[in-house]
Amino acid sequence: MLDLKLIRNNPDQVRAGLNKRGAAALVDELLRLDEERRDNLARVEALKNKRNVVSKEVGRLKSAKVDATNLINEMKEVNEEIRQLDGVVRDLEERINEILYTLPNLPQEDVPVGADEQANVEVRRWGEPRTFSFTLKPHWELGESLNMFDFEQGAKISGARFTVLKGLGARLERALVNFMLDLHVNEHGYTEIFPPFLVSGACMVGTGQLPKFAEDMFKASPGDYYLIPTAEVPVTNLHREEILTAERLPIKYVAYSACFRAEAGSAGRDTRGLIRQHQFNKVELVKLTKPEDSAREHERLVQDAEKVLQLLNLPYRVVLLSSGDMGFAASKCYDLEVWLPSSGQYREISSCSNFGEFQARRANIRFRREPDAKPEFVHTLNGSGLAIGRTVAAIVENYQQADGSIVVPEILVPYMGGVKTIK
RNA sequence: GGAGAGAUGGCUGAGUGGUUGAAGGCGCCCGCCUCGAAAGCGGGUAGGGGUUUACGCCCCUCGCGAGUUCGAAUCUCGCUCUCUCCGCCA
């Protein structure tokens with residue numbers, strides 16, 4: 001959520017930022033509502049002040065056994081006026097918040113301006129895509145023939161975009177989860193979290209999925225629960241409504257979770273294979289930092305995610321997303337794209353975002369620099385480290401052999417119970 | 001699911017319908033003392049909003065939401081959460 005005071009004091013800056021994201025317009029409406037609200041607020045507060053003063057006077061008079069009927073009657077009228085104005089102010093606040101909750105974050109200065117992924121900027125590449133001396137197969141063909149995954153059974157028990165992992169396919173999934181968690185905990189200093197997969201609506205508002213993207217979420221019933229689309233939601237919200245001490249920052253969490261996405265609006269895209277599923281596994285990195293540290297911590301977070309791909313020896317590139325391609329809450333975002341030989345392209349496998357204070361303002365996560373200092377909003381960041389299903393797809397495709405078997409990346413062999421080849 | 005207890009500031013813990021945004025304690029900050037520290041002593045210490053060049057002033061907030069009242073932390077109703085016992089359960 002954007003700071004209403006920033007909009008009030010620097011409307012041109014906000015307009016320019018929103019324009020880069022193709023989300024302009026509503027600033028003027030917001031300014032008008034804000035002015036109207038403050039106008040009515042001043043009036044109702046003056047009346048409340050009067051009521052408070054007179055009420056104390058009534059108390060004094062009563063204890064002195066003096067009649068106060070006139071004052072009491074006068075206050076009854078004032079109360080009616082207060083009730084009315086309070087309603088006006090509340091309505092205005094609701095409309096202001098409705099708008100504020102649906103405005104995206106402002107892009108940072110160094111984010112390339114553009115409408116979509118065409119304007120993304122490749123930052124660096126790592127690794128050399130293998131050259132194959134035989135005909136490549138996509139991961140879904142290889143995996144099915146090796147009995148690693150079963151798409152038909154997934155469809156039978158759940159429906160489209162669900163997959164059953166079996167045997168060494170299931171084992172590979174589990175190996176990757178453990179490998180990534182160990183790496184980030186032991187080498188990168190993150191604290192492991194195993195969060196609930198169902199959260200309250202308040203959490204979804206806090207990280208920005210609600211109210212705008214309700215149609216992308218699975219809702220659980222009975223109860224008012226949402227299935228998490230990413231561990232970002234429960235983990236970032238761990239500190240909702242808290243004021244942290246400065247020494248605790250930066251906070252670095254790593255969490256495995258299943259992720260659930262409705263994929264509304266992506267019908268027909270990536271219908272085959274593991275790339276786009278309603279349910280997938282992911283190891284997520286989350287950081288809470290001081291504002292001045294978030295840019296540096298963002299770069300480090302990207303490197304921590306890259307390390308996974310490097311250790312798996314999977315070629316990838318880092319892309320800086322354009323203003324139009326970024327997620328709603330992000331102020332700056334790098335995607336990690338892994339090489340998928342069968343389609344001959346780089347595909348997103350991690351998205352690493354700095355949200356500035358956008359989420360912290362929604363979730364009310366603050367910190368104090370000094371024991372007596374005013375609370376300030378923290379900055380929140382997160383990134384996949386990595387999406388497990390897409391990593392499996394990348395391994396299967398990049399490590400495929402002429403005979404249709406898969407060589408297990410060396411670093412994973414211990415996690416695979418010594419299995420070096422899936423055949 | 002049944003029965004009961006509770007929710008107050010960073011923490012703990014008082015609170016009779018009327019200068020109680022809230023005693024006391026702990027913690028923290030500033031000062032005194034000290035070579036330095038501890039102890040001791042004195043003072044300070046919630047958040048949000050509005051307004052003001054500023055000092056300041058005002059409004060709201062005692063889990064959340066309604067209500068009663070001139071006035072609610074305190075009374076009434078609803079909700080949420082936590083704890084204890086019983087039942088069920090991986």
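Keep in mind that this is a model prediction, so the values were computed, not measured. Numbers restart at 1 for each chain; the letters A, B, ... are given by sequence-line order, proteins then strands. Computation of the quantities below employed the complete heavy-atom set of this structure, encompassing side-chain atoms and omitting hydrogens, waters and symmetry-equivalent molecules.
With C1' as the reference atom, B:G18 and B:U69 are 12 Å apart, rounded to whole Å. Between the P atoms of B:U68 and B:U76, the separation comes to 15 Å (whole Å). When the C1' atom is used for both B:A3 and B:G21, the distance is 37 Å, rounded to whole Å. Comparing the P positions of B:G67 and B:C30 gives an interatomic distance of 46 Å, to the nearest angstrom. Across the P atoms, B:A46 and B:A23 are found 10 Å apart, a figure rounded to whole Å. The separation of B:C29 from B:G78, taken at their P atoms, amounts to 47 Å, rounded to a whole angstrom. Rounded to whole Å, the C1' atom of B:G9 lies 23 Å from the corresponding atom of B:A5. Only the C1' atoms considered, B:U20 is 16 Å distant from B:C60, to the nearest whole Å.
An OP1 or OP2 oxygen of B:G17 is reached within less than 4.0 angstrom by no side-chain nitrogen or oxygen of A:Lys62. Here A:Asn52 does not reach the OP1 or OP2 of B:G18: none of its side-chain N or O atoms lies under 4.0 Å away. Applying the 4.0 Å criterion to OP1 and OP2 of B:U19, one finds that A:Arg60 has every side-chain N and O outside that range. Between B:A66 and A:Arg83, no contact under 4.0 Å exists linking OP1 or OP2 to a side-chain N or O. For the OP1/OP2 pair of B:G50 and a distance below 4.0 Å, the side-chain nitrogens and oxygens of A:Lys48 include no atom meeting the criterion. Regarding contacts with the backbone of B:U19, every side-chain N or O of A:Lys56 stays at 4.0 angstrom or more from both OP1 and OP2.
At the heavy-atom level, A:Arg8 lies under 4.0 Å from the strands shown only through sugar-phosphate atoms. When heavy atoms are screened at a 4.0 angstrom cut-off, A:Val58 is found touching base atoms of the nucleic acid. At a threshold of 4.0 angstrom between heavy atoms, the contacts of A:Lys5 are confined to the sugar-phosphate backbone, with no base atom among them. Residue A:Leu71 is out of contact with every strand shown, counting any heavy-atom pair closer than 4.0 Å. Counting any heavy atom pair closer than 4.0 Å across all strands shown, A:Arg368 reaches sugar-phosphate atoms only and no base atom.
Between A:Arg369 and A:Glu292 there is a salt bridge, with a side-chain nitrogen of the basic residue lying less than 4.0 Å from a carboxylate oxygen of the acidic one. In summary, A:Glu299 and A:Arg296 do not engage in a salt bridge, as defined by a charged side-chain N under 4.0 Å from a carboxylate O. Under 4.0 Å is where a charged nitrogen must lie from a carboxylate oxygen, and between A:Asp304 and A:Arg300 no such pair does. For the pair A:Asp86 and A:Lys48, the salt-bridge criterion is met [side-chain N within less than 4.0 Å of a carboxylate O]. Remark: A:Glu29 engages A:Arg32 in a salt bridge, criterion side-chain N to carboxylate O under 4.0 Å.
In this structure B:U82 sits in a base pair with B:A5, meeting the Watson-Crick or G-U test at under 3.5 Å. Nucleotide B:A54: unpaired (no Watson-Crick or G-U wobble partner with both distances less than 3.5 Å). Pair assignment for B:A22 gives none, since no Watson-Crick or G-U wobble pairing has each distance under 3.5 Å. Using Watson-Crick or G-U wobble geometry with both donor-acceptor distances under 3.5 Å, B:C41 finds its partner in B:G31. Pair check for B:A46 finds B:U61; Watson-Crick or G-U wobble, both atom distances under 3.5 Å. Base pairing analysis places B:G36 opposite nothing; no Watson-Crick or G-U wobble pair with both distances below 3.5 Å involves it. Under the Watson-Crick or G-U wobble criterion, with both distances below 3.5 Å, B:C75 is paired with B:G67.
A:Phe197 and A:Phe194 have parallel rings, their planes meeting at less than 30° on a 0 to 90° scale where 60° marks the start of perpendicular. Between A:Tyr415 and A:Phe179, the ring planes are perpendicular. Angles over 60° get that label, and only those under 30° would be called parallel. A tilted orientation is assigned to the rings of A:His298 and A:Tyr334, their planes being inclined by 30° to 60°.
Proximity note for A:Asn49 (side chain, C-beta onward) versus B:C70, B:G48, B:C59: the nearest is B:C59. Side-chain proximity of A:Asn79 to the nucleotides B:G50, B:G48, B:C70 is greatest for B:C70. Of the candidate nucleotides B:G49, B:C28, B:G71, B:G71 has the atom nearest to the side chain of A:Ser55.
For the pair A:Asn364 CG and B:A46 C1', the computed distance is 13 Å after rounding to whole Å. For the pair A:Leu85 CG and B:G50 P, the interatomic distance rounds to 17 Å; values are reported in whole Å. Distance CZ (A:Arg51) to C1' (B:C58): 14 Å, rounded to an integer number of Å. A:Leu61 has its CG atom 13 Å from the C1' atom of B:G71, to the nearest Å. B:C59 atom P lies 17 Å from atom CZ of A:Arg37, rounded to whole Å. As rounded to whole Å, 12 Å separates atom P of B:C28 from atom CD of A:Glu247. Rounded to a whole Å, the CD atom of A:Glu94 is 13 Å from the C1' atom of B:G65. Taking atom CD1 of residue A:Ile96 and atom C1' of nucleotide B:G49, one finds them 12 Å apart after rounding to whole Å.
Both A:Arg366 and A:Arg38 lie near RNA chain B, and the one whose nearest nucleotide falls closer to the 5' end is A:Arg366. Residue order along RNA chain B, read from the 5' end via each residue's closest nucleotide, puts A:Lys374 first among A:Lys374 and A:Ile72.
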